[in-house]
2 protein chains.
Amino acid sequence: MGRRITALEVAKEAGVSRSAVSLVLNGRADGFLAKDTQERIREVADRLGYRPNLLAQSLRNQRSKVIGIMSDRAVGGAFDGAIIAGADAVAREAGFMTLAADTGGEPEKAEPVARLLLDRAVEGLIYLTVGLHETRVVDSFLRVPAALANCYPTADSPAAASLLPVFIPDEPTGGRVAAEHLIALGHRRIAFLRGDDDSPASFLREDAFRAAMGNAGLPVREEWVRHGGFRTRPAYAAATAVLEGPADRRPTAILAGNDRAAVGVILAAANLGISVPADLSVVGYDDEAALADLMVPALTTVALPLQEMGRRAMASVLARLEPEAAPAPTSPPAQVLLPCPLVERESTAPPPT
Amino acid sequence: MGRRITALEVAKEAGVSRSAVSLVLNGRADGFLAKDTQERIREVADRLGYRPNLLAQSLRNQRSKVIGIMSDRAVGGAFDGAIIAGADAVAREAGFMTLAADTGGEPEKAEPVARLLLDRAVEGLIYLTVGLHETRVVDSFLRVPAALANCYPTADSPAAASLLPVFIPDEPTGGRVAAEHLIALGHRRIAFLRGDDDSPASFLREDAFRAAMGNAGLPVREEWVRHGGFRTRPAYAAATAVLEGPADRRPTAILAGNDRAAVGVILAAANLGISVPADLSVVGYDDEAALADLMVPALTTVALPLQEMGRRAMASVLARLEPEAAPAPTSPPAQVLLPCPLVERESTAPPPT
DNA sequence: TTGAAAGCGCTAACAT
DNA sequence: ATGTTAGCGCTTTCAA
């Protein structure tokens with residue numbers, strides 16, 4: 001492992017002082033150093049393959065240019081991955097790197113992990129969760145600019161946590177749009193499969209469904225509003241129950257709790273000989289990568305703004321770090337709802353006549 | 001943002017020198033400092049909430065305790081995520097953190113990204129790819145202990161790259177095991193859907209299939225060996241073609257190129273009224289999270305050792321960093337094939353009689 | 001225009 | 001058993 005070139009060596013080789021090197025490489029040399037001296041220094045640095053030691057720079061400048069990202073599950077899932085990707089892109093744009101760590105699903109690890117990140121001198125912190133839910137904000141998050149993505153503070157979080165910017169999906173609108181899509185296609189007999197009970201999104205989506213039906217003057221048949229969960233198998237069972245019976249007495253469309261549940265619905269339909277979308281329209285939720293667009297028929301669904309949550313959370317942190325570069329809105333709203341666009345694919349069509 | 005406590009402040013408060021603090025906190029104090037002094041220092045450090053600045057430590061010790069992980073695609077997918085998770089777990093175990101970055105799919109970014117990581121003083125480097133394939137190893141990877149996961153060096157890589165430890169799935173064995181599973185169940189009419197042509201895994205799996213059939217004295221029907229790709233839709237079409245015709249003239253089992261293709265097979269079978277696994281057994285490959293175990297019926301598949309590749313790659317790097325702690329095997333083989341275990345679920349059964 | 005010097009927070013060899 | 005000192009690589013006054 002070859003030793004790295006230091007600024008001092010560049011200075012020697014170029015026959016100048018190491019402050020000269022520093023000045024030139026930081027673009028502060030104009031007016032101090034002769035143009036050709038600057039040029040020579042740059043040339044030598046290049047030739048020697050000089051690269052500044054970012055650790056030393058960080059220490060000296062008290063500025064690490066690193067933002068910490070914490071996830072509540074093992075970093076690596078598709079959901080948190082997309083959020084991190086969004087955050088990372090924005091960070092890199094601004095010359096920052098991201099340092100990611102996860103709590104491995106153990107909430108009590110949040111504080112120690114955050115401290116570890118802080119020990120590495122991260123300048124800001126982002127906490128994100130795989131599914132939308134409440135999170136207890138730990139004290140470390142109040143020590144630097146921070147933001148929450150896909151989650152919001154619990155009531156027992158430190159008081160100041162309520163000031164943290166929160167970026168979450170606009171589930172009410174997403175749920176409404178999904179229902180309205182079906183209604184606009186002409187469906188009147190629409191079933192709703194609610195997701196897991198421990199997710200706030202499940203109820204938000206159900207409420208939105210009911211509201212949309214009400215707005216359209218359509219009745220909600222309670223026997224068609226059932227728990228389907230967030231996984232394929234239970235949804236398969238729920239869909240089978242709803243779909244049994246003659247064609248004129250079953251729903252012509254089903255809104256599933258999420259994409260995995262929608263897969264269960266499609267599989268159940270196939271098993272019953274019901275053709276999607278000719279006889280039954282199916283709408284998922286999440287636009288889960290490598291799932292929704294992978295079904296045959298491809299799944300119409302509502303996309304979660306995963307990347308966008310990451311992007312916005314990072315932007316909000318960065319804005320507080322460099323006020324001049326990206327002036328924050330006068331009074332940033334504590335909670336931002338990001339749109340969940342409908343992604344129309346093949347699994348929805350007008351109802352059979 | 002509250003200022004952090006430094007070791008000097010702890011020293012003052014405890015009425016000792018800052019070297020005393022350093023010694024105690026690094027466990028080198030025994031024999032130098034009185035027990036009760038040590039105790040007092042620890043107590044004060046705790047009370048003040050002192051935490052060493054890891055940046056300063058890294059600079060001083062020339063030891064950052066950080067390993068860089070590079071991925072060829074946007075960090076966040078399920079495949080690279082699992083590899084990173086494995087690597088990260090091993091790193092954390094050893095008191096290291098990981099700094100992840102990706103090339104965003106642009107090979108020419110590999111070098112600059114690696115340099116960025118090196119500028120942050122990472123002590124080692126791991127390169128991983130989402131799918132198994134060749135990669136041009138960049139020079140930066142030869143400057144520190146490094147390893148490759150799920151990929152191997154191209155011929156035009158620097159000569160020294162051939163010495164890099166490589167951790168890849170044992171596709172030949174995996175493919176063989178999949179075929180033998182079907183054969184052991186009693187299947188004789190087995191079709192094979194090859195994956196994408198640009199993946200070495202596709203051909204490795206096909207060769208393994210042919211070998212297993214040969215070993216069992218079973219004929220390979222060329223019209224049942226077709227290109228199915230790695231995505232659902234083309235596989236759906238290929239499976240439909242293979243499955244048309246009367247039950248006694250079609251295969252009783254299909255080996256798909258990967259799990260997504262297997263989903264296409266299952267969907268195609270459903271569409272043709274062929275029941276899985278009663279009339280047709282289906283085997284996937286990859287054990288893609290949130291896909292294989294999510295189908296109904298759940299997919300029998302061959303698991304890729306994703307986490308294991310990450311784990312082993314990290315262990316290999318760490319071993320060279322701390323020779324005493326984890327003595328490397330005398331002469332580590334340059335290329336390690338990691339087993340791909342069969343995961344038996346519901347989509348396979350004995351053939352119809 | 002340049003160079004010397006201080007200091008970011010830490011560790012370790014050395015002197016006391 | 002304790003304190004002093006030098007230095008990791010860098011930036012930034014300040015004096016020359």
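Residue numbers begin at 1 in each chain, while the letters A, B, ... track the order of the sequences.
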*Of all residues at least two apart in sequence or in a different chain, which pass the ring pair (Phe, Tyr, Trp, His ring centres under 6.0 Å) check with B:F96?*
none
*By ring pair (Phe, Tyr, Trp, His ring centres under 6.0 Å), which residues pair with B:F141, not counting sequence neighbours?*
B:Y127
*Distance from B:I168 atom CD1 to B:M309 atom CE, nearest 0.5 Å?*
9.0 Å
*Check whether more than 12 heavy atoms from other residues, nucleotides or ligands sit under 6.0 Å from atom CD of B:E134, and answer yes or no.*
yes
*Assign a letter to each nucleotide of nucleotides 10-15 of chain D from its 5' end: B, base within under 4.0 Å of a protein heavy atom; S, sugar-phosphate only; -, no contact.*
BBB---
Enumerate donor-acceptor pairs with a distance under 3.5 Å from any side-chain N or O in residues 154-164 of chain A to protein atoms, sequence neighbours excluded.
| from | atom 1 | to | atom 2 | distance (Å) |
| --- | --- | --- | --- | --- |
| A:T154 | OG1 | A:D156 | OD1 | 2.5 |
| A:T154 | OG1 | A:S157 | OG | 2.9 |
| A:D156 | OD2 | A:R136 | NE | 3.4 |
| A:S157 | OG | A:V137 | N | 2.9 |
| A:S157 | OG | A:T154 | N | 3.4 |
| A:S157 | OG | A:T154 | O | 3.2 |
| A:S162 | OG | A:A159 | O | 2.9 |

*B:G15 or B:L59: which one's nearest nucleotide on DNA chain D is closer to the 5' end?*
B:G15
*Answer yes or no: does a side-chain N or O of B:Q38 lie under 4.0 Å from OP1 or OP2 of D:dA1?*
no
_B:E43, CD atom: more than 12 neighbouring heavy atoms under 6.0 Å_ = yes
Is there any protein nitrogen or oxygen under 3.5 Å from a nitrogen or oxygen in nucleotides 14-16 of chain C, and what are the pairs?
none

*Would you say the side chains of B:R320 and B:S316 form a donor-acceptor pair under 3.5 Å?*
yes
_A:K109 NZ: over 12 foreign heavy atoms closer than 6.0 Å_ = no
*asked:* Rounding to 10°, can you tell me the angle the first-five-pair axis of the helix from C:dT1-D:dA16 to C:dT16-D:dA1 makes with its last-five-pair axis?
replied: 60°
*asked:* For B:D119, is there an ion pair with B:R115 - N to carboxylate O distance below 4.0 angstrom?
replied: no
